[in-house]
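So the structure is just underneath, and the comments pick up after that.
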Amino acid sequence: MIRCLSCEIKAGLCVSPYSRQQGRRAEMGGEGQRDGRVDMMSSEHLACGWLLQLLVVLLKLCLTFAGPLRPLNGTECTAKGPVSYILVFTGHWSPQAFPKQYPLFRPPAQWSKLIAVSHNRHFRLWEEGAPASAGVQNFAEIGVTVELMKAAKEARKGRTVGAMYRTAGIPNGIGHSSTELLMHPRSSLLSLMVKMIPSPDWFVGVDSFNLCEGSQWKQEVTIDLQPYDAGTDSGFTFSSPNFPTSPKENITKITSQMPNHPANSFYYPRLKELPPMASVKIMRQSRSHDRQTPMSNHILPNSISPQRFSATPLDCEVSFWSSWGLCLGPCSKGGVRHRTRYILLRPANAGVPCPELEEQAECIPHSCMKLQ
């Protein structure tokens, strides 16, 4: 039983102590007293009902402003204030590390502009194992950022996205671009994407990396990046023509053996894993209020040294043998026949050399062709 001011609420009925007392007296009185009692009880019920309605409204307002209850799973940032970072993207896409079908022209290997978003755990720019959004598809296939930025701006209205960042593209497979980040505790996760050019729908990226641990911001982070397939185009090579995937597939990580097809540009069966296509280095800036030298794209800061990766061996690939040719010459006097094959992929970086491209064998008597 709950007491509400001068009323008692029990089993959904609000009855005042005064009304209860009057009720007992009325049981002993006549009809005239019963009419007065009814009027008194009606007024008491109206007053208490109004108080109940006010209590319900106040309770709803409290729940609305308090927001939904969220479990504390260690991902919430409790840092006291924002922090500034410098993000440096470095491309490692070289013909030494990735010699197979390396794009040299029309267009040569290069990187698109970098798109980065700070957000909380209720927003995903992209996610491995999930289908690509329209914005991710457009960016991964043709490098257009309109849909991506539109979705991020809409999410920003709901306070699930903190800020959006962008850098210029890199005109080579090896190069650098940078931008400054301002991270807030309410949006401590970082996601980013960079498209590989040329490619069907391949990109490198970071998904929801938390720069905050409890109440502390991380000082410095380096993340190696691997290629991903957006699942919207079925091309196998860097320069494959447009071939839409129907139905669309989920975003998957590209490895040295997946897709498991020799025609794929990343198929290196001798490797357990691909070398990093690119890397991201995120460095916390000092609290000094002195004016800092702005970082421009394609200029490697002095504090960052380029990574050196061993050359990836590329074995020679040849076609199947052709059918045997006709035998020439008398079969009893050393007649021979020939077959040939051709090179599909030349070796590189101390890969297995090409085998013989022509083969001959003695003629079979019944297949000899007599010269006129």
For [X] and [Y], indicate whether the former's side chain and the latter's backbone hold a donor-acceptor pair under 3.5 Å.
| X | Y | result |
| --- | --- | --- |
| Lys218 | Asn210 | yes |
| Tyr342 | Trp321 | no |
| Asp201 | Gln137 | no |
| Trp126 | Val206 | yes |
| Ser215 | Ala79 | no |

- For Met196 and Gln110, run side chain to side chain contact (heavy atoms under 4.5 Å, CB included): C-alpha distance rounded to whole Å, both residues' side-chain angles, the deciding distance at 0.1 Å, then the answer. CA-CA 7 Å; Met196 300 169 54; Gln110 56 190 280; over 6 Å; no
Cluster check [X], [Y]: I/L/V/M/F/W/Y, side chain < 4.5 angstrom:
| X | Y | answer |
| --- | --- | --- |
| Ile254 | Leu192 | yes |
| Val280 | Leu181 | yes |
| Val204 | Ile282 | yes |
| Leu271 | Phe98 | yes |
| Val136 | Val194 | no |

- Item | Step-by-step side chain to side chain donor-acceptor pair (under 3.5 Å) determination, Ser84 to Arg284 | CA-CA 6 Å; Ser84 179; Arg284 183 175 177 177; over 6 Å; no
- Task: Sequence neighbours left out, what passes salt bridge (Lys or Arg N to Asp or Glu O under 4.0 Å) with Glu128? Give chain and number order.
- Result: none
Enter the distance from [X]:[atom1] to [Y]:[atom2] here, rounded to the nearest 0.5 Å.
| X | Y | atom1 | atom2 | result |
| --- | --- | --- | --- | --- |
| Asn264 | Met258 | CG | CE | 10.0 Å |
| Gln216 | Cys212 | CD | SG | 8.0 Å |
| Ser118 | Met183 | OG | CE | 5.0 Å |
| Arg186 | Thr160 | CZ | OG1 | 11.5 Å |
| Ile142 | Lys195 | CD1 | NZ | 9.0 Å |
| Met149 | Arg156 | CE | CZ | 9.5 Å |

Side-chain touch [X]/[Y], heavy atoms, less than 4.5 angstrom:
| X | Y | value |
| --- | --- | --- |
| His119 | Leu189 | yes |
| Asp207 | Phe209 | no |
| Phe243 | Asp233 | yes |
| Leu125 | Leu148 | yes |
| Asn260 | Tyr267 | yes |
| Ile170 | Lys113 | no |
| Pro108 | Asn172 | no |
| Leu211 | Trp217 | yes |

- Message: Is the distance from the ring center of His261 to that of Phe236 below 6.0 Å?
- Response: yes
- Ring-ring centroid check Trp93 Phe238, cutoff 6.0 Å: yes
- If you count the non-hydrogen atoms of other residues, nucleotides and ligands that lie under 6.0 Å from CZ in Arg339, is the total more than 12? yes
- Task: Check the surroundings of atom CD in Glu362: do more than 12 heavy atoms from other residues, nucleotides or ligands lie under 6.0 Å from it?
- Result: no
Check: [X]/[Y] side-chain N/O donor and acceptor closer than 3.5 Å:
| X | Y | value |
| --- | --- | --- |
| Arg166 | Thr145 | yes |
| Thr252 | Asp229 | no |
| Ser265 | Thr237 | no |

- Output yes when Glu317 and Lys100 qualify as a salt bridge under the 4.0 Å nitrogen-oxygen rule, no when they do not. yes
- Message: With a 4.0 Å cut-off on N to O distance, would you call Glu147 and Lys150 a salt bridge?
- Response: no
- Message: Please evaluate residues Thr245 and Ser234 with respect to the criterion side chain to side chain donor-acceptor pair (under 3.5 Å), reporting the C-alpha separation (whole Å), side-chain torsions for both, the decisive distance (0.1 Å), and the verdict.
- Response: CA-CA 5 Å; Thr245 302; Ser234 299; 2.7 Å; yes
- Query: Checking side chain to side chain contact (heavy atoms under 4.5 Å, CB included) for the pair Arg341/Glu358: CA distance, chi angles, key distance, verdict?
  - Reply: CA-CA 7 Å; Arg341 56 186 174 184; Glu358 184 175 352; over 6 Å; no
Of the non-hydrogen atoms in [X] and [Y], which two are nearest, and what is the gap between them?
| X | Y | answer |
| --- | --- | --- |
| Ser187 | Gly162 | OG-CA, 3.6 Å |
| Pro353 | Pro347 | CA-CG, 4.2 Å |
| Phe123 | Ala155 | CD1-CB, 3.6 Å |

- Task: Identify the residue among Phe266, Phe139, Trp111 that makes a ring-ring contact (aromatic ring centres under 6.0 Å, His included) with Trp202.
- Result: Phe266
- Query: Considering the options Glu249, Lys248, Glu141, which one meets the side chain to side chain donor-acceptor pair (under 3.5 Å) requirement together with Thr232?
  - Reply: Glu141
- Derivation and outcome, side chain to side chain contact (heavy atoms under 4.5 Å, CB included), residues Arg337 and Gln360: CA-CA 6 Å; Arg337 56 180 180 169; Gln360 66 180 23; over 6 Å; no
- Task: Decide yes or no on side chain to side chain contact (heavy atoms under 4.5 Å, CB included) for Ser208 and Arg124, but give the supporting numbers first.
- Result: CA-CA 7 Å; Ser208 303; Arg124 297 300 279 267; 3.3 Å; yes
- Message: Quick one, Thr90 with His176, criterion side chain to side chain donor-acceptor pair (under 3.5 Å). Give me CA distance, side-chain angles, the key distance, then yes/no.
- Response: CA-CA 5 Å; Thr90 304; His176 314 275; 3.0 Å; yes
